[in-house]
Number of protein chains: 2
Amino acid sequence: MDNQRTQAIKRHSFRETTCQSCTLRSLCLPLSLTTKNLEKLDSIIARGRPFEKGEMLFRQGESFGSLFALRSGCVKTYSVTDSGEEQITGFYLPGELVGLSGIDTDIFPVNAIAIETTTVCEIPYPKFEGLTDEIPELKRQLISSLSKTIRRDMQMMLLLSQKDAEARIANFLLDLSTRIERRGYSADFIYLAMSRNEIANYLGLAVETVSRIFSRLQKAQAINVNGRAVDILDVAALTKAAGSCLFNEKKDSREEIPSVNTG
Amino acid sequence: MDNQRTQAIKRHSFRETTCQSCTLRSLCLPLSLTTKNLEKLDSIIARGRPFEKGEMLFRQGESFGSLFALRSGCVKTYSVTDSGEEQITGFYLPGELVGLSGIDTDIFPVNAIAIETTTVCEIPYPKFEGLTDEIPELKRQLISSLSKTIRRDMQMMLLLSQKDAEARIANFLLDLSTRIERRGYSADFIYLAMSRNEIANYLGLAVETVSRIFSRLQKAQAINVNGRAVDILDVAALTKAAGSCLFNEKKDSREEIPSVNTG
DNA sequence: CGTTGCGTTGAGACATTTCAAAATGTGTGG
DNA sequence: CCACACATTTTGAAATGTCTCAACGCAACG
C-alpha cells in the first residue's frame, strides 16, 4: 500500500517541472519574480529523483552547498548533541525552504531527512547568491524567508517556555492546518507525516503525554484522531486550548475577545 | 551611583563615532567591508542620544523602519500576547543587531527596550537594503546575521524543550560569558543587566526556580553570586551542568569527551 | 523609618515524566 | 491469507521537578 503511493508519486514527471509551471510558485521563492527572472532562477535549480522515506537531504556537519525547496512530501530537520540526544528543530511542508540555518557557517548545523517520499528543488547556494545580486527581488525574498523563520522560531520559544502540553499540541495542529490550507487543501484534515515520538521530541514532551493529550482533545470533541489521521472538529475549541499565542495566524475572528486584563 | 554611571556613559561622544573607528567593528556589520564601503554604510547610520533604562527602541506592531546595532548597554526584546502575557525573546549585547525579525512583515513583531543605558547605531532599512544591492559583502553579512539568529534560536528551542532548570541557567550564563568574552572582556565575570524575573521569563521558569538554581550552583562552587554580579568559578562544572548542547561554543577542550553511545 | 521593589527560602500542589504493561498496527515469511 | 515478530501507540500508577503560595530579608528611597 505504501508502495502504491510511492509509485504514484514517482510517476510524477518531477524532472520536467519548472518554476513557471509549479503549483507552489506563489508560496515559494518565485513569488513576485518577473518571467525573465523566473527563468534565471529556474535555470540553476536541480531536480533529482525523489527522496524515499528515511533518505537524508543533508547531514549535520556537512558543508553547506544548497537550499532545498520542498515540492511534495515532508522533511524533518534535527540535530544531535555530543551525547547523542536528538532534537527535532522543524518539520517542512511543500513550498517551504530547508537549509537556511546553514548559510552563514558553510556547514549544515542540522540533519534533514525525508519522513515520507519527498521531491525537492535543489538550489545551489553559490549560484543562488549570485542571482540575488542580479535580482534584488530575489534577495528580498530570501531575506524575507529568513526573517519569517526567525519569527516562527520566536513563537516556538514562546510555546516551549510558557505553554503547557495541551496548548503545545493545539498550536502544533493549528499550525499544520494553516500551512496545509495555504496550499489550497482543506484545513480540517491533517495527515501527520511524523510519528508521535517525533511530535513529542519536537514539542519537548514525552511520547505518552502527546498520546494522552490527543485522547483528551478527542474526548473534548475538538479533534478526531485515527492513528496519523486527524480531523479538526472544533477550531474554536482548539484555538482556545492553544492559548493566546502571539501572531495566531489561525484566528477565528467571529467574535472579538476583549482583552480582559485584571490590573 | 547609577547616576554617576549614566553620566559617564553620556559623556561619551556617541555622536562622533564612525564605523571606521568603532571598537565593535569586527563583531558588527562592518566586518570585512572595504574602507570605501564602510564609508557608505557609515553615511546612512544615525546615532542619537543614548536610550535610558526603560526607553523603547521600537514597539510591537510599529512599522519596521530600522535595524539597530548596539554600541553599549543592553536591550531586551519581548512580545505581548493578546491576553497580556509577556515573553522575552532575547537579550542583546554590544555588537549585536536588534530588529531582524521585522524585516519581512514591515511590522516589528516584538518590543525592544533598553534595560540599561544603551547607545545604538540606527540603520534605516530601506537605505540599508539599497546598499546591499551595491555591496554584496554587506548583503552576505546581513544574511549571515539572520542565519546566525536562526541557529541561536534553534539552540534555545533545544534548551527549552529538553533541558531542566539547572541546565537552562548554566547555558544562559555560559552563553553570556561567551558573548562578553567576544568583546574582549573577561569571560569569568558577568554583570547581569536583567532581573531574575526577566531571566525566568526568558528561560521559561519561575523566578523562584531561578533563584534556587543560582543558590545551588553557588553551593556547588560553580559560580559566585552577589545580586547581579556573577563570577564563574568553575567553567567545567558549569559546562557539565549545561549538558551537552549542540554547538557548545564554550567548550573547554582540555579533554576529549569520547562519545559513548550505548547501542 | 516606613514603603517599595527585588531576591531568597520553605512547604504543599500540580503537571508532566518515568516505569510498566496492554493494545494496536505493520512488516515478513511461510 | 495467516502467523508471528516487532514497532508504535495507548493507558495506568507512581515518582519527580517545577510552580504556586506565602513569608522573610535586604537595599534603595522619599
Side-chain angles (χ1 to χ4, degrees), chain A residues 1-6 52-54 76 85-86 88 115-116 159-170 172 191-220 223-230 241 243 263, chain B residues 1-6 53-54 76 85-88 115-116 159-170 172-173 190-220 223-230 241 243 263:
Chain A
M1 187 201 255
D2 195 274
N3 254 339
Q4 278 181 29
R5 252 182 83 205
T6 302
E52 299 299 330
K53 176 175 175 169
K76 77 169 177 189
E85 305 163 83
E86 276 186 29
I88 296 175
I115 60 177
E116 59 180 34
L159 202 69
L160 293 173
S161 79
Q162 309 228 309
K163 303 295 182 183
D164 62 14
E166 189 170 303
R168 293 187 201 183
I169 303 264
F172 177 71
Y191 181 81
L192 299 168
M194 64 295 287
S195 70
R196 297 286 191 273
N197 230 311
E198 290 169 323
I199 296 174
N201 179 296
Y202 178 59
L203 294 177
L205 299 168
V207 201
E208 295 92 327
T209 306
V210 173
S211 190
R212 274 186 259 269
I213 304 284
F214 269 60
S215 300
R216 194 195 300 172
L217 288 174
Q218 175 159 249
K219 205 164 289 171
I223 60 174
N224 202 319
V225 188
N226 199 326
R228 294 188 169 195
V230 177
Chain B
M1 189 200 248
D2 196 273
N3 254 340
Q4 278 179 32
R5 251 181 86 207
T6 301
K53 176 174 177 173
K76 77 169 176 190
E85 304 163 85
E86 276 186 31
Q87 167 65 25
I88 295 174
I115 60 177
E116 58 181 33
L159 202 68
L160 292 174
S161 80
Q162 311 228 307
K163 303 295 183 185
D164 62 15
E166 189 170 304
R168 293 186 202 184
I169 304 265
F172 177 71
L173 292 175
I190 302 174
Y191 179 81
L192 298 170
M194 64 296 288
S195 69
R196 298 285 192 272
N197 230 311
E198 291 170 324
I199 298 174
N201 179 296
Y202 179 59
L203 294 177
L205 300 168
V207 201
E208 296 92 330
T209 306
V210 173
S211 189
R212 274 186 259 267
I213 304 285
F214 270 59
S215 301
R216 194 194 300 171
L217 287 173
Q218 175 160 249
K219 203 162 289 170
I223 60 176
N224 202 319
V225 187
N226 198 326
R228 292 188 172 198
V230 177

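Only heavy atoms go into these numbers, but all of them, side chains included; no hydrogens, no water, no symmetry mates. Just so you know, these numbers come straight off a predicted model, no measurement behind them. Proteins come first, then strands; the chains are lettered A, B, ... in the order of their sequence lines, and each starts at number 1.
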Counting side-chain heavy atoms from CB outward, which of [options] is closest to [X]?
{"X": "A:S211", "options": "D:dT11, D:dC19, C:dG7", "answer": "D:dT11"}
{"X": "B:A165", "options": "C:dT8, C:dT16, D:dT18", "answer": "D:dT18"}
{"X": "A:E208", "options": "D:dT9, D:dA22, D:dG12", "answer": "D:dG12"}
{"X": "B:A206", "options": "D:dG17, C:dT17, D:dT20", "answer": "D:dT20"}

Tell me: [atom1] of [X] to [atom2] of [N], nearest whole Å?
{"X": "A:L160", "N": "C:dT16", "atom1": "CG", "atom2": "C1'", "value": "14 Å"}
{"X": "B:N226", "N": "D:dA27", "atom1": "CG", "atom2": "P", "value": "10 Å"}
{"X": "A:N197", "N": "C:dG25", "atom1": "CG", "atom2": "C1'", "value": "15 Å"}
{"X": "B:E166", "N": "D:dT18", "atom1": "CD", "atom2": "P", "value": "9 Å"}
{"X": "A:I213", "N": "D:dT10", "atom1": "CD1", "atom2": "P", "value": "12 Å"}
{"X": "A:F214", "N": "D:dT11", "atom1": "CZ", "atom2": "C1'", "value": "16 Å"}
{"X": "A:Q162", "N": "C:dA15", "atom1": "CD", "atom2": "P", "value": "17 Å"}
{"X": "A:D164", "N": "D:dT18", "atom1": "CG", "atom2": "P", "value": "17 Å"}

Exercise for the section: With heavy atoms under 4.0 Å as the rule, sort B:R228 into base, sugar-phosphate or nothing. Expected result: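 It contacts sugar-phosphate atoms only.
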Problem - Any N/O donor-acceptor pair, B:R212 side-chain to D:dG17 base, under 3.5 Å - result: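 Answer is no: no donor-acceptor pair is held.
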Exercise for the section: Check if the side chain of B:E198 and the base of C:dC6 share a donor-acceptor pair of N or O atoms closer than 3.5 Å. Expected result: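 In this structure, the two groups form no donor-acceptor pair.
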Exercise for the section: Find the distance between CG (B:L192) and CZ (B:F172) and round it off to the nearest 0.5 Å. Expected result: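 Here the interatomic distance stands at 6.0 Å.
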Practice task
Working to the nearest 0.5 Å, report the span between CZ of A:R212 and CD of A:E166.
Solution key: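 A:R212 atom CZ to A:E166 atom CD measures 13.5 Å (nearest 0.5 Å).
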Any [X] side-chain N or O less than 4.0 Å from OP1/OP2 of [N]:
{"X": "A:T209", "N": "C:dT16", "result": "no"}
{"X": "B:S215", "N": "C:dT9", "result": "yes"}
{"X": "A:R196", "N": "D:dT10", "result": "yes"}

Handout entry: Heavy-atom donor-acceptor pair, A:R196 side chain to A:V210 backbone, under 3.5 Å
Key =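 The answer is no, because no donor-acceptor pair under 3.5 Å joins these two groups.
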Handout entry: Cationic N near anionic O, under 4.0 Å, B:K163 to A:E85
Key =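 Salt bridge between B:K163 and A:E85, a charged N being under 4.0 Å from a carboxylate O: yes.
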Practice task
Report the C-alpha separation of B:R168 and B:I213 in whole Å, then their side-chain angles, then the decisive distance to 0.1 Å, and conclude whether the side-chain contact (heavy atoms from CB on, under 4.5 Å) test is met.
Solution key: CA-CA 10 Å; B:R168 293 186 202 184; B:I213 304 285; over 6 Å; no
